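To start, the structure itself, in C-alpha cells.
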Amino acid sequence: EHVWNFTSSINLSEMDLDVDFIDLDLPSVDTYASIYVNGKLVLMCNNAFAPYHVNIKPFLKIGDNEILVTFTPPVIYHKDKYEAAAYKLPAENDKHPIAIAPYTRKPQYQFGWDWTMRMNTIGFNKPVKLISYNTNRVIGTNIQTISVNENKALLKFQVQLAHSTGIPTSQIVSQMHGVEYYYPAIQCKSKLFGDLHFTKIIHGNEPATLDHWYTTTITIENPKLWWPVNHGDQFLYADEWQVSTHDGKQIDTISKRFGI
C-alpha cells in the first residue's frame with residue numbers, strides 16, 4: 001500500500017488565459033485524490049461514482065503549469081478510523097485485515113467477489129480534460145415523466161450548469177420553509193416546445209448545494225408514448241435546446257432524445 005503521485009504539465013499563453021473559466025474536468029476518479037495546481041490544493045475527491053470539475057483559472061499562469069494528483073489507497077485512507085471504531089461494519093467479501101469495503105464509495109468488486117480476486121485500483125477511469133469557456137457551460141441534463149395518460153403528459157426538464165447564474169435573492173415564504181433563495185433564471189429555446197424558463201430555488205432549511213440544477217415543467221397534449229416491444233411503437237422525441245443566461249448570453253446548445 002503506497003501513496004501515488006501523478007503529475008502533468010501544461011504551457012499556457014496569454015491568449016489561453018483570456019477566458020472566464022478554465023475547468024479541470026474529471027469524469028471518473030478512483031477514489032481518494034488531492035489535486036494541486038502550481039502547489040495550491042484545488043480539489044479533494046472521495047467518491048469513485050461522482051464526476052468532479054473545478055475552475056482552476058485563478059491558479060494558472062502564463063508559461064509552464066504543474067498539476068499534481070496524490071492518490072491515497074483506501075486502506076491507508078480509512079486505517080486510523082477503522083482501528084479506532086468500537087464496532088466494525090460487516091464486510092464478508094473483504095478479506096483484508098483492515099476490511100474497509102463498507103466505508104468507501106468505491107466499486108465493491110475491487111474488494112473481492114465470487115468471480116474476481118481482491119484488487120483495489122487507483123487512477124482515472126476516464127480521460128481528464130481542461131475545458132476553457134466564457135459565461136457558463138452545461139454539464140448535465142435530466143428529463144423525468146411526472147405523470148402521463150393518453151391525453152396529457154407532465155414532464156420535468158432539468159439543466160445542470162457548471163456555475164451558479166449569480167447571487168440569489170431571498171423571500172420569506174412560510175414558517176415551514178423559512179427563506180427561499182431564488183437564483184437568476186436561465187432561458188432555453190426548444191425546437192419542440194418554444195421558450196422555456198428554468199429556475200433554481202433553494203429552501204432555507206435545505207443544505208447548501210453546488211449542483212446548480214435548474215428546473216422547468218412542461219405539459220404535452222396528446223403525447224406520443226414509448227411502448228415496450230409488442231405493445232406499440234418506441235417513439236422518441238428529438239429536441240434541441242439553446243441555453244442562455246437570463247440576460248441573453250449564450251451558454252450552450254444541446255440535442256436531446258427522450259421517450260414518454
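Treat the numbers as computed from the prediction; the structure is a model and nothing was measured. Throughout, residue positions are numbered sequentially from 1 according to the sequence presented.
- Within a 6.0 Å sphere centred on CZ of Phe235, other residues, nucleotides and ligands contribute more than 12 heavy atoms.
- Each of Asn46, Thr70, Ile122, Val3 was scored for a side chain to side chain contact (heavy atoms under 4.5 Å, CB included) with Tyr32, with one residue passing: Asn46.
- Taking the six-membered ring where tryptophan is involved, the planes of Phe258 and Phe157 are perpendicular, since the angle between them exceeds 60° and thus also 30°.
- Within a 6.0 Å radius of CG in Asp247, more than 12 heavy atoms belonging to other residues, nucleotides or ligands are found.
- Remark: side-chain polar atoms of Asn125 are not paired, donor with acceptor, to backbone N or O of Ser28 under 3.5 angstrom.
- Under the 4.5 Å side-chain heavy-atom criterion for Ile, Leu, Val, Met, Phe, Trp and Tyr, Leu12 and Phe59 are members of the same hydrophobic cluster.
- For the pair Asp30 (side chain) and Ala48 (backbone), a donor-acceptor distance under 3.5 Å is absent.
- Listed for the Asp16 side chain is a donor-acceptor partner under 3.5 Å among the backbone atoms of Ser13.
- Not less than 6.0 angstrom separates the ring centroid of His96 from the ring centroid of Phe111.
- Partners of Arg118 by salt bridge (Lys or Arg N to Asp or Glu O under 4.0 Å), not counting sequence neighbours, listed by chain and number: Asp94.
- Residue pairs satisfying the salt bridge (charged side-chain N to carboxylate O under 4.0 Å, His left out) criterion with at least one member in residues 122-142, sequence neighbours excluded, are listed as follows: Asp23-Arg137, Asp25-Arg137.
- Between the side chain of Asn134 and the backbone N or O of Asp20 there is at least one donor-acceptor pair closer than 3.5 Å.
- The shortest distance between side-chain heavy atoms of Ile220 and Ile260 falls below 4.5 Å.
- For the residue pair Asp64 and Ser9, no side-chain donor N or O sits within less than 3.5 Å of a side-chain acceptor on the partner.
- Residues Thr253 and Glu240 form a side-chain contact, since some pair of their non-hydrogen atoms from C-beta on lies under 4.5 Å apart.
- Val19 and Ile251 end up in different hydrophobic clusters when Ile, Leu, Val, Met, Phe, Trp and Tyr side chains are linked at under 4.5 Å.
- Within a 6.0 Å sphere centred on CG of Asp114, heavy atoms belonging to other residues, nucleotides or ligands number more than 12.
- Remark: side-chain polar atoms of Glu66 are not paired, donor with acceptor, to backbone N or O of Gly39 under 3.5 angstrom.
- Between Pro223 and Val148, the closest heavy-atom pair is CG-CG2, 4.5 Å.
- A single hydrophobic cluster is not seen to contain both Leu225 and Leu154; linkage of ILVMFWY side chains at heavy-atom distances under 4.5 Å, directly or through other members, places them apart.
- A donor atom on one side chain and an acceptor atom on the other are found under 3.5 Å apart for Thr215 and Gln158.
- Nearest heavy-atom pair, Tyr52 versus Met44, reported as atom, atom and distance to 0.1 Å: CE2-O, 4.2 Å.
- Annotation for Lys189: atom NZ does not count as buried by contact number, only 12 or fewer foreign heavy atoms lying within 6.0 Å.
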Quiz prompt | Residue pair Met119, Thr116: steps toward the side chain to side chain contact (heavy atoms under 4.5 Å, CB included) verdict | solution = CA-CA 8 Å; Met119 182 181 294; Thr116 186; over 6 Å; no

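- A pairwise comparison of heavy atoms in Pro102 and Pro90 identifies CG-O, 3.2 Å as the closest pair.
- Looking at Thr145, its side chain never comes within 3.5 Å of a backbone N or O of Ser147 through a donor-acceptor pair.
- Under a 3.5 Å cut-off, the side chain of Lys106 and the backbone N or O of Asn47 do not form any donor-acceptor pair.
- For residues 251-260, there are no salt bridge (charged side-chain N to carboxylate O under 4.0 Å, His left out) pairs, not counting sequence neighbours.
- Among residues two or more places apart in sequence or in another chain, the ring pair (Phe, Tyr, Trp, His ring centres under 6.0 Å) test is passed with Phe71 by Phe6, Phe124.
- Environment of CD in Glu221: crowded, with over 12 heavy atoms of neighbouring residues, nucleotides or ligands closer than 6.0 Å.
- The line from CD1 of Ile186 to NZ of Lys249 is 15.0 Å long, rounded to the nearest 0.5 Å.
- At least one donor-acceptor pair under 3.5 Å links the side chain of Asn65 to the backbone N or O of Lys61.
- Counting only distance, with no hydrogens or angles, the side chain of Asn93 and the backbone of Trp113 share no donor-acceptor pair below 3.5 Å.
- The closest side-chain heavy-atom distance from Val37 to Leu60 is below 4.5 Å.
- Remark: Phe49 engages no residue in a ring pair (Phe, Tyr, Trp, His ring centres under 6.0 Å) (not counting sequence neighbours).
- Under the 4.5 Å side-chain heavy-atom criterion for grouping Ile, Leu, Val, Met, Phe, Trp and Tyr, Val54 is connected to Val128 within one hydrophobic cluster.
- Among residues at least two apart or in separate chains, salt bridge (charged side-chain N to carboxylate O under 4.0 Å, His left out) pairs with a member in residues 79-92 are Lys79-Glu83.
- Proximity of Ile143 to Lys156: side-chain heavy atoms (C-beta onward) are nowhere separated by under 4.5 Å.
- Between the side chains of His246 and Gln187, no donor-acceptor pair is found at a separation under 3.5 Å.
- Looking at Ile146 and Leu155, their side chains never come closer than 4.5 Å, going by heavy atoms from C-beta outward.
- Note: the hydrophobic cluster containing Ile100 does not contain Tyr77 (ILVMFWY, side chain heavy atoms under 4.5 Å, direct or indirect links).
- Ring-plane geometry between His78 and Tyr103 is classed as tilted, the angle between the planes lying from 30 to 60 degrees on a 0 to 90 degree scale.
- Looking at Gln234, its side chain does come within 3.5 Å of a backbone N or O of Trp227 through a donor-acceptor pair.
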